[in-house]
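Here's the structure we're looking at; comments come further down.
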Amino acid sequence: MGEEQRLHAIVTVVWAVGVLVHLLGNPSVVHAESLPSPTGAVPVVLAVLAAATALRPAHRPTVVATVVVVWLLALVRLPVLANNLVLLGVTGTALVVSRDLGVAVRTVVRAGAAAYLFAAFAKYNTTFLDPAVSCAPVILERLVGSWGLPAPPRWFADASPVLALVTESAVGVGLLVPRLRRHAALLGVAFHGLLAYDLGQHFWDFTTALLPVFVAASPTVALALVDRGRRLVPAPVARALLVLLAGVAAATGAPIAAGWFFLAGHLVWIVGGSLVVLGWAVVHLVQRPWRGAPAPSPAGWTTGAVVLVALVVANGLTPYTQVKTGYGWNMYANLRVVDDTSNHLVVPPLDLRGDHDELLTVVAATDEAIEAYTDRGLRLPRVQLEDWVARTPGAAVTARTDDGATVELAHGTVERTTPAWVVRLLPLRPVGDECLLFYGPAG
């Protein structure tokens, strides 16, 4: 097997494991998916296909089928669309976008770097850089607190927004610069590996979704790490662990507490993820990549690769145009572009959608999760509330407009102001919370 073929196989295996880990972090039971309904079968089929892909990464039909079902799962779960699922769809598509395995791996790097750069770029705003309201200190303190450790020094928490912004910018830019690519991959693995240890959150699914990009960007480290890993973990043991992981992932639609699946994911990361991060650092240092020649620059494009990267860029631009502000690369970025105002340091407000200017404050609701928005002081785009009420039997919401008028929305009688498919494909986030760590059932 040639080096390009081996690297493609390794990236594919890591990607397939990322799909299984995503299912643990986003269990079907949370999305009310259960067999034998058609939508409930999708996660189970995906778990089986991902395991088959990891066992036979060179079998193209299986890989293609897995990519298709990843996107099918994303379609089923609209408008609640986790960023890591989109990233897995993107990297999986990159793996099969060309029969030239070298071009496919380079497309993984390009598409992954584009997504990552937008995630960093979104943080270039006045709110993220303000430690009083930035998401960075919140995530840092929660990470430390989840292990029962004392809060970090105030000066360090206040510096965390700048540290996070510099780190993510360095990783994103470094992935595109041949001489820096391997160092950027190491920095990315270390940074996101650390975030994955937050016991109060399942960051490990996003970290695992990023690993295929870092593996593709640092081929010499990846190949060496796999060679050493095979001596540490015999192939039969690795296959058995993979089958076990797939079995747990396939069971995420079972009517048991989602916390059990989160616990399984934490266990996978603390054991397997720790070995990956530590092994990556050791191999990187042993190879002394700063003394060697840089990895070859990405070369060769296919039409599919161009279209894929263009779609990633388009998705990155949507928050700034107010076309889609929810579930984008702007996660945890404090980015606020709404009502013709923008907190971004570079991008001015630009409203290309123009049909969701009315924001509503929930006064009462039949669903506790929706009613909880009242306590948080959030305003929701009217189109999002209408969509939730229209697709939720028995749902009813009483809301108030900014000028004090009362709005009553009830399932079966609500009149949509925007077509359902637009709202599902282009979700909007709530407005009002400086650091919005979750979107909620209304998007």
Which atom pair, heavy atoms only, marks the closest approach of [X] to [Y]?
X: S98; Y: R60; answer: O-NH1, 3.9 Å
X: V109; Y: L175; answer: CG1-O, 3.7 Å
X: P234; Y: L232; answer: CD-O, 3.7 Å
X: V13; Y: A54; answer: CG2-O, 3.5 Å

Tell me, do [X] and [Y] make a side-chain contact under 4.5 Å, heavy atoms counted?
X: W329; Y: P319; result: no
X: P43; Y: L73; result: yes
X: L87; Y: L210; result: yes
X: L78; Y: L425; result: yes

Is the backbone of [Y] close enough, under 3.5 Å, to the side chain of [X] for a donor and an acceptor to pair up by distance?
X: W15; Y: L88; answer: yes
X: N83; Y: G328; answer: yes
X: S146; Y: L143; answer: yes
X: D130; Y: T126; answer: no
X: Q384; Y: L428; answer: yes
X: T91; Y: V108; answer: no

Do [X] and [Y] have a side chain donor and acceptor closer than 3.5 Å?
X: N334; Y: N125; result: no
X: N343; Y: T127; result: yes
X: S28; Y: T252; result: yes
X: S342; Y: Y320; result: no
X: T53; Y: T66; result: yes
X: H202; Y: H266; result: no
X: N330; Y: K123; result: no
X: S274; Y: Y197; result: yes
X: T93; Y: W71; result: yes

Quiz item: Below 4.0 angstrom, N of the basic side chain to O of the carboxylate: do D387 and R382 qualify?
Solution: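 Answer for the salt bridge query: no.
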Exercise. Answer yes or no: are there more than 12 heavy-atom neighbours, outside R424 itself, under 6.0 Å from its atom CZ?
Key: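 Enclosed: over 12 neighbouring heavy atoms sit under 6.0 Å from CZ of R424.
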Exercise. If a pair satisfies ring pair (Phe, Tyr, Trp, His ring centres under 6.0 Å) and one of its residues is in residues 88-119, list it, with sequence neighbours excluded.
Key: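 The answer is Y116-H192.
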Exercise. Only pairs at least two apart or in different chains count here, so list each ring pair (Phe, Tyr, Trp, His ring centres under 6.0 Å) that has a residue in residues 213-242.
Key: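 Output for this query is empty, none listed.
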Quiz item: Does R106 make a cation-pi contact with W301 (under 6.0 Å, within 45 degrees of the axis)?
Solution: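 No, cation not above the ring by the 6.0 Å, 45° rule.
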Quiz prompt | Evaluation steps, ring-ring contact (aromatic ring centres under 6.0 Å, His included), between F121 and H344 | solution = CA-CA 9 Å; F121 184 67; H344 202 272; 4.6 Å; yes
Quiz item: What about Y332 and F206, are their ring centers closer than 6.0 Å?
Solution: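 No, the ring of Y332 stays outside the 6.0 Å limit from the ring of F206, centre to centre.
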